[in-house]
Amino acid sequence: MKILVTGGLGFIGSHTVVELQNEGFEVVVIDDCSNSSKDVLKGITKITGKAPLFENIDLKEKDKVEDFFKRHQDIQGVIHFAASKAVGESVEKPLLYYENNLGTLVYILKELVKKNKASFIFSSSCTVYGQADEMPITESAPIKPAESPYGNTKQIGEEIIFDTCKVTPSLNAIALRYFNPMGAHPSNEIGELPTGVPQNLVPFITQTGIGLREQLSVFGDDYPTPDGTAVRDYIYVVDLAKAHVIALKRLLENRNVTNYEVFNVGTGKGSSVLEVIQSFERVSGKKLNYKFVARRAGDITSAYANTTKANDDLGWKSEYTLDEAMKSAWNWEQKIRK
Ligand code: UD1
């Protein structure tokens with residue numbers, strides 16, 4: 001069965017391609033390599049013994065999207081990762097984010113509604129909840145006003161899919177709301193490849209550990225949390241990748257309850273920034289150089305998932321601990337800096 005993975009050379013996309021191929025799916029990857037490298041294909045091939053089909057297409061080019069679906073009429077499902085994800089950049093360049101993240105979504109959905117049956121998985125984010133009123137966060141928690149154009153594209157993206165599903169019974173979709181993905185594949189063949197200075201905590205920690213950055217700035221020590229630093233739900237990227245395959249199978253096998261569903265994908269456990277640093281120090285045996293600085297604008301105090309719906313309805317559960325995920329991130333950092 002042929003599945004399209006957009007953004008399949010990116011961090012979460014590449015790990016998902018591996019899991020799909022391991023489960024016997026035939027995968028076609030579309031990526032424009034704007035924030036990824038073609039070399040990732042080698043890693044995927046090494047792990048799975050099979051190279052996915054690859055097409056370098058910019059999904060903003062509507063004609064190319066149409067042409068692609070004409071050439072691959074047997075595609076039965078799409079996992080749509082391709083999107084821009086830098087919060088700060090989205091504030092500077094909102095139109096770029098709306099075009100990249102929403103224009104492309106519309107073009108793909110336009111192709112899928114033409115089919116007799118199609119399955120669609122969307123990369124959403126826990127950012128849609130903003131600072132939720134209650135922890136852990138359930139899927140029915142209210143959607144808060146977006147803090148950035150990036151966050152807004154996830155909210156609007158979900159609405160576009162919801163509205164389309166309402167009038168398209170042949171389209172089945174699931175939005176997965178990711179918490180904080182981290183780590184690298186256990187084979188050490190693929191992992192996170194941030195361009196420039198990492199914005200996210202874990203790659204900044206491992207780059208500091210390896211000596212590429214001098215010091216980690218911990219954004220805020222005065223949050224109302226047990227140790228004063230902000231709390232997030234760090235999910236191992238392979239666990240997250242597996243959630244996509246399980247969600248896709250649910251749709252392909254018609255086990256979904258409605259034709260648009262939403263699931264949180266997290267561990268259910270909150271970890272503070274200091275706890276993440278301690279995890280790094282445990283698994284690497286190194287002391288991390290860090291200092292406390294002011295809070296980062298737009299950051300929330302705490303976000304961790306209630307995973308009951310994903311566990312019970314989707315039949316998915318995270319398996320790896322923070323230390324295991326951190327160890328894989330550290331192994332990967334050491335490999336790519338050699
Ligand atoms: C961020 C985005 C979120 C997006 C997610 C994608 C913001 C405000 N939010 O989430 O919308 O969906 O990335 O991966 O950018 N931290 C430090 N020092 C650092 C980096 C981070 O202390 O150098 C802290 C942050 O303040 C936060 C935690 O580490 O408390 C995690 O930060 P990060 O990895 O950037 O993820 P989020 O902010 O949760």
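Along the sequence shown, residues carry numbers from 1.
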Using the salt bridge (Lys or Arg N to Asp or Glu O under 4.0 Å) rule, take K309 and E261 through it: C-alpha gap first, then chi angles, then the decisive distance, then the call.
CA-CA 11 Å; K309 192 173 178 220; E261 296 179 319; over 6 Å; no
Salt bridge (Lys or Arg N to Asp or Glu O under 4.0 Å), that's the test. Do D163 and K166 meet it? Break it down for me.
CA-CA 5 Å; D163 289 343; K166 246 190 326 204; 3.7 Å; yes
Go through the steps for T307 and N264 under the test side-chain hydrogen bond (donor to acceptor under 3.5 Å, both in side chains), then give the verdict.
CA-CA 6 Å; T307 59; N264 283 343; over 6 Å; no
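Side chains of D227 and T229: a donor on one and an acceptor on the other come within 3.5 Å. Defined by atom type and a distance below 3.5 Å, a donor-acceptor pair is present between the side-chain atoms of N256 and N172. Side chains of S140 and T138: a donor-acceptor N/O pair is present below 3.5 angstrom, by distance only. In the model, Q215 has a side-chain atom that pairs as donor or acceptor with a side-chain atom of N289 under 3.5 Å. For the residue pair S170 and N116, no side-chain donor N or O sits within less than 3.5 Å of a side-chain acceptor on the partner.
Side chain of H72 to main chain of D74: no donor-acceptor pair is present (N/O by atom type, distance under 3.5 Å, no hydrogens or angles). Within the 3.5 Å criterion, the main-chain N or O of V197 finds a donor-acceptor partner in the side chain of Q199. Of the possible donor and acceptor atoms, none in the side chain of D233 sits under 3.5 Å from a partner among the backbone N and O of G266. In this structure a side-chain-to-backbone donor-acceptor pair under 3.5 Å is present from T6 to F81. Side-chain N or O atoms of T48 include one that pairs as donor or acceptor with a backbone N or O of K50 at under 3.5 Å. A donor-acceptor pair is defined here as one N or O able to donate and one able to accept, closer than 3.5 Å; such a pair exists between the side chain of E324 and the backbone of T321. Although no hydrogens or angles enter the test, the distance criterion places a donor-acceptor pair under 3.5 Å between the side chain of T225 and the main chain of G228. Formation of a donor-acceptor pair under 3.5 Å by the Q131 side chain with backbone atoms of T301 is found in this model. Using a distance-only test at 3.5 Å, with no hydrogens or angles considered, a donor-acceptor pair links the side chain of W316 to the main chain of D239. The closest donor-acceptor contact from the side chain of T206 to the backbone of P203 lies under 3.5 Å.
Between L240 and Y178, some side-chain heavy-atom pair lies under the 4.5 Å cut-off. With contacts defined as side-chain heavy-atom distances shorter than 4.5 Å, the pair V218/I277 qualifies. Looking only at side-chain heavy atoms (C-beta outward), D221 and V293 stay at 4.5 Å or farther from each other. The shortest distance between side-chain heavy atoms of R232 and D299 falls below 4.5 Å. In this structure, the side chains of I121 and L176 come closer than 4.5 Å at one or more pairs of heavy atoms. Between R250 and L248, every side-chain heavy-atom pair lies at or beyond the 4.5 Å cut-off. Counting heavy atoms from C-beta on, the side chains of L41 and L9 come closer than 4.5 Å. A 4.5 Å side-chain heavy-atom check between K242 and V238 finds at least one atom pair inside the cut-off.
Cluster annotation: L53 is not connected to V18 through the hydrophobic network of ILVMFWY side chains, with a link wherever side-chain heavy atoms come within less than 4.5 Å. Note: the hydrophobic cluster containing M182 does not contain Y320 (ILVMFWY, side chain heavy atoms under 4.5 Å, direct or indirect links). V128 and Y98 end up in different hydrophobic clusters when Ile, Leu, Val, Met, Phe, Trp and Tyr side chains are linked at under 4.5 Å. Under the 4.5 Å side-chain heavy-atom criterion for grouping Ile, Leu, Val, Met, Phe, Trp and Tyr, I108 is not connected to V29 through any hydrophobic cluster. L212 and V283 fall within a single hydrophobic cluster, where Ile, Leu, Val, Met, Phe, Trp and Tyr are joined by side-chain heavy atoms under 4.5 Å apart, directly or via other members.
Residue-environment remark: NZ (K317) stays at or below the threshold of 12 foreign heavy atoms within 6.0 Å. Within 6.0 Å of NZ in K110 there are 12 or fewer heavy atoms belonging to other residues, nucleotides or ligands. Heavy atoms of other residues, nucleotides or ligands lying less than 6.0 angstrom from NZ of K93 number 12 at most. For E253, the CD atom sits in a packed shell: over 12 heavy atoms of surrounding residues, nucleotides or ligands are nearer than 6.0 Å. A 6.0 Å sphere centred on CZ of F162 holds no more than 12 heavy atoms belonging to other residues, nucleotides or ligands. Around NZ of K46, the count of heavy atoms belonging to other residues, nucleotides or ligands within 6.0 Å does not exceed 12.
Taking the ring centre of Y223 as origin, the terminal cationic atom of R295 falls inside the region bounded by 6.0 Å and 45° from the ring axis.
The residues E189 and K335 are annotated as salt-bridged, a charged nitrogen and a carboxylate oxygen being separated by less than 4.0 angstrom. Salt bridge K269/E275: absent, no basic N to carboxylate O contact under 4.0 Å. For the pair K287 and E281, the salt-bridge criterion is met [side-chain N within less than 4.0 Å of a carboxylate O]. Using a cut-off of 4.0 Å between Lys/Arg side-chain N and Asp/Glu carboxylate O, E111 and K70 are scored as not salt-bridged. Salt-bridge annotation for E66 and K62: present, with a side-chain N of the basic residue lying under 4.0 Å from a carboxylate O of the acidic one. Note on K42 versus D39: salt bridge recorded, some NZ/NE/NH1/NH2 to OD/OE distance being below 4.0 Å. Between K64 and D67 there is no salt bridge, since no side-chain nitrogen of the basic residue lies less than 4.0 Å from a carboxylate oxygen of the acidic one.
Annotation for A83 and K154: closest pair CB-NZ, 4.1 Å, computed over non-hydrogen atoms. Residues A243 and V265 share a closest heavy-atom pair of CB-CG1, 3.9 Å. In terms of heavy-atom proximity, Q207 sits nearest to R213 at OE1-NE, 2.8 Å. Taking every heavy atom of both residues into account, T153 and L102 meet most closely at O-CD2, 3.3 Å. Of all non-hydrogen atoms in V202 and A329, the two that sit nearest each other are CG1-CB, 4.1 Å. Residues N56 and C33 share a closest heavy-atom pair of ND2-SG, 4.1 Å.
The other members of the hydrophobic cluster of V87, by chain and number, are L96, Y97, Y150 (side-chain heavy atoms under 4.5 Å, ILVMFWY only).
Taking the six-membered ring for Trp, Y236 and H15 have ring centres at least 6.0 Å apart.
Qualifying ring-ring contact (aromatic ring centres under 6.0 Å, His included) partners for W330, counting only residues two or more places apart in sequence or in other chains: F280.
In summary, of the residues considered (E139, R177, K144), a side chain to side chain donor-acceptor pair (under 3.5 Å) with Y129 occurs for R177 alone.
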